[in-house]
Amino acid sequence: MTETPLRLFNSLTRQLEEFRPIHPGEARVYTCGPTVYNYPHIGNMRAYVFADVLGRTLSWKGYHLTHIINITDVGHLTDDADAGEDKLEKAAARSAQSIWDIARHYTEAFKADVRALNIRGPAQWTVATDYVPQMIEFAKGIAEKHCYELDSGLYFDVSTVADYGRLARASTDEGESRIDPVAGKRNAADFAIWRKTPKGETRQMEWDSPWGRGAPGWHLECSVMSGAQLGFPFDIHTGGIDHREIHHPNEIAQNQAHCHSDASGANIWMHNNFLVDRTGKMSKSSGEFLRLQLLIDKGYHPLAYRMICLQAHYRSELEFSWEGLGAALTRLKRLVMAVEKLKQVAGDSLHDRSSVSVIRSQFDLFEAAICNDLNTAEALLWVESLPALKVIGPVEKYVGIQRMDAVLGLDLINLTRADLRIRPKTATISEAEIEAALARRKEARAAKDFATSDAIRDELTASGVEVMDGDPLGWEWKLDHA
Ligand code: AMP
Ligand code: ZN
């Protein structure tokens with residue numbers, strides 16, 4: 001384990017804290033997973049890039065990492081608190097499909113985005129519907145002291161635990177007053193941990209429980225799955241900043257009740273800020289919304305989006321734009337080209353890396369940035385400045401970049417320049433055709449036949465290909481995207 005202590009911002013104490021593992025040498029992390037009623041948008045994926053950088057950092061620091069991400073396939077209502085319909089039941093009714101098929105389809109779509117963004121798979125994907133018996137047991141254990149029953153379900157009384165809502169920034173009561181109050185709730189912030197199926201209705205997903213047939217509440221799911229997989233207390237709980245207001249305060253209240261303790265269940269609670277998009281395309285209800293596949297269809301390599309995430313601190317709001325994506329892609333290209341050049345210069349000596357020690361100072365700077373609450377924006381600068389250093393050779397530089405990329409996850413060692421070419425799905429011309437046309441154009445130019453050379457260029461332009469003579473990055477052509 002290296003020496004720079006890892007300091008992380010704990011939303012609960014509102015300060016930077018040194019990471020001290022509960023179990024020596026181990027790091028146990030739980031990340032709230034997606035609700036699989038639709039495709040994730042790229043904002044959702046920011047939450048998992050952030051959790052991945054955290055996990056990679058912990059592994060890099062030498063901790064044995066157990067990372068759990070759940071799949072919410074039941075219980076998340078259209079409002080984060082207690083109103084509205086179950087998101088999955090609603091999607092199933094709309095599309096006249098089985099809820100299980102919907103969950104399966106969107107879970108696979110989510111995992112495809114995870115892979116495309118080079119996010120490491122967790123130790124376990126816990127699926128909420130696999131844990132319903134444990135949820136019922138958990139609820140039984142806290143029902144008598146902390147809950148009460150209404151016609152609509154079993155409710156958690158937030159006044160029965162110490163300091164409810166200490167994590168939230170907004171006043172929780174205020175947050176609750178904008179949604180339909182449930183008649184009979186003792187406190188506005190009380191929430192259902194078990195929702196009974198209303199009389200005369202059937203749900204596709206329902207289970208028997210001591211409180212009637214119904215389904216678990218979303219907040220209950222995460223308490224149960226995190227505790228079952230990691231044991232209370234565990235080290236770090238992560239999620240998007242919206243979870244800081246309702247979902248996580250409710251998880252904490254349940255954990256306190258379950259553990260008979262005032263402690264929250266996790267030592268550190270971390271939250272990524274939002275990716276925002278001024279065009280409004282990130283709403284899952286809008287037709288063409290900003291999902292990773294849209295970026296890919298327009299021709300961008302998905303890791304350009306990972307680069308966008310890394311360029312900002314995870315606690316800062318980040319605005320998405322197509323120009324920004326283009327700039328991030330160029331930045332990634334420059335790094336990949338630098339690595340390709342190092343490979344070339346180093347040649348065979350790359351195979352003998354046994355005695356390579358990358359200069360400490362550069363590495364220390366990188367590590368200091370990452371250990372300062374995962375400052376990836378600064379860490380990137382240390383990776384980028386490595387190839388130009390005078391004092392070390394190409395093999396050391398290559399190994400240095402490889403080691404740093406273990407944290408950033410940009411796949412700098414395997415990506416090639418060609419992988420990063422913009423390739424819109426709508427392109428009507430193949431790369432082989434473009435290359436062949438450019439070869440003919442080269443010949444024409446060599447023969448000073450500029451009429452033919454210009455004609456070829458015009459044909460390519462008509463097919464959406466921009467010929468890039470003298471491009472500083474050495475690209476000869478680019479496909480314009482729709
Ligand atoms: P959901 O599928 O709605 O439960 O959300 C999955 C994850 O994405 C949660 O951790 C959310 O907090 C997070 N999230 C939702 N919207 C955004 C956004 N615009 N930017 C960053 N994270 C988000
Ligand atoms: Zn959760």
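Just follow the structure's listing: the first ligand is 1, and inside any ligand the first atom is 1. The analysis underlying the following values was restricted to heavy atoms, covering all of them including side chains, and did not include hydrogens, waters or symmetry mates. Sequential numbering from 1 along the given sequence is applied to the chain's residues.
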Quiz question: by atom type and distance under 3.5 Å, do the side chains of [X] and [Y] form a donor-acceptor pair?
X: Tyr164; Y: Asn187; result: no
X: His105; Y: Gln97; result: no
X: Gln254; Y: Asn250; result: no

Worksheet item: Which of these passes side chain to side chain contact (heavy atoms under 4.5 Å, CB included) with Met45: Asp52, Val114, Leu290?
Response: Val114

Worksheet item: Looking at Tyr39 versus Tyr106, is the centre-to-centre ring distance below 6.0 Å?
Response: yes

Discussion item. Is the distance between the ring centroids of Trp269 and His243 under 6.0 Å?
Written reply: no

N/O/S from [X] sitting under 2.8 Å away from the Zn ion (ligand 2):
X: His243; result: no
X: His248; result: no
X: His219; result: no

Fill in: Closest to atom 16 (N) of ligand 1 among Phe110, Phe274, Tyr314 (heavy-atom distance)
Phe274

Discussion item. Which option wins on minimum heavy-atom distance to atom 11 (C) of ligand 1: Asp242, Asn273, Asn272?
Written reply: Asp242

Practice prompt. Compute the angle centred on the Zn ion (ligand 2) spanning SG of Cys222 and SG of Cys32, and express it rounded to 10 degrees.
Written response: 130°

For ligand 1, which atoms have a heavy atom of [X] less than 4.0 angstrom away?
X: Gly240; result: 10 (O), 12 (O)
X: Tyr48; result: 6 (C), 7 (C)
X: Asn44; result: 5 (O), 6 (C), 7 (C), 8 (O), 13 (C), 14 (N), 15 (C), 16 (N)
X: Gly43; result: 17 (C), 18 (C), 19 (N), 20 (N), 21 (C), 22 (N), 23 (C)

Item to complete: Give a yes or no on whether a salt bridge exists between Arg306 and Asp411, defined as a side-chain N under 4.0 angstrom from a carboxylate O.
Response: no

Fill in: Glu384 with Arg331: basic N within carboxylate O range, under 4.0 Å
yes

Discussion item. Check contact between His41 and ligand 1, using heavy atoms of the residue and a distance below 4.0 angstrom.
Written reply: yes

Item to complete: For ligand 1, find out whether one of its N or O atoms is nearer than 3.5 Å to an N or O atom of Ile241.
Response: no

Worksheet item: For Pro34, is at least one N or O under 3.5 Å away from an N or O on ligand 1?
Response: no

Discussion item. Students often mix this up, so state it plainly: with edges at 30° and 60°, are the rings of Phe50 and Tyr314 parallel, tilted or perpendicular?
Written reply: parallel

Worksheet item: Restricting to N, O or S atoms of His247, which is nearest to the Zn ion (ligand 2)?
Response: NE2

